[in-house]
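Everything on this sheet refers to the single structure shown next.
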Amino acid sequence: MDKYRCKVCMYIYDPEVGDPDSGIEPGTPFDKIPDGWVCPICGAGKEVFEKE
């Protein structure tokens with residue numbers, strides 16, 4: 001599964017880890033994250049993430 005990086009703060013979403021604090025379970029691919037999800041560091045939307 002591909003990792004995605006926030007272009008604002010450089011946070012990397014790793015699907016193997018997910019984002020449990022935001023309710024995103026480990027093993028969740030980036031394209032399966034709800035559209036309303038935001039970067040846990042800076043609050044940017046999914047649209048500012050790019051594939052690593």
Side-chain angles (χ1 to χ4, degrees):
M1 286 188 280
D2 296 317
K3 295 179 182 178
Y4 283 75
R5 180 174 12 123
C6 176
K7 293 186 283 186
V8 175
C9 72
M10 301 306 157
Y11 165 81
I12 296 176
Y13 174 76
D14 183 347
E16 291 185 16
V17 176
D19 181 13
D21 292 340
S22 297
I24 308 300
E25 296 293 325
T28 304
F30 190 77
D31 64 345
K32 299 295 183 191
I33 296 174
D35 290 337
W37 178 82
V38 296
C39 176
I41 303 300
C42 71
K46 282 180 68 177
E47 67 278 357
V48 302
F49 280 72
E50 62 186 3
K51 189 188 297 189
E52 278 254 288

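- The closest side-chain heavy-atom distance from Tyr11 to Cys42 is not below 4.5 Å.
- Under the 4.5 Å side-chain contact rule for hydrophobic residues, Val38 and Val17 do not share a cluster.
- Environment of CG in Asp31: crowded, with over 12 heavy atoms of neighbouring residues, nucleotides or ligands closer than 6.0 Å.
- A search for salt bridge (charged side-chain N to carboxylate O under 4.0 Å, His left out) contacts involving Lys3 returns Asp14, not counting sequence neighbours.
- The minimum heavy-atom distance between Gly18 and Pro20, with the atom names listed, is C-CD, 3.6 Å.
- Under the 4.5 Å side-chain criterion, counting only non-hydrogen atoms from C-beta, Phe30 is in contact with Lys46.
- In the displayed structure, Glu50 atom CD is contacted under 6.0 Å by more than 12 heavy atoms of other residues, nucleotides or ligands.
- Going from atom NZ of Lys7 over to atom SG of Cys39 covers 13.0 Å, rounded to the nearest 0.5 Å.
- The heavy-atom pair separating Pro15 from Met1 by the smallest distance is CG-CB, 3.4 Å.
- Atom CD1 of Ile41 is separated from atom CD1 of Ile12 by 11.5 Å, given to the nearest 0.5 angstrom.
- Among Phe49, Tyr4, Trp37, the one residue that satisfies the ring-ring contact (aromatic ring centres under 6.0 Å, His included) test with Tyr13 is Trp37.
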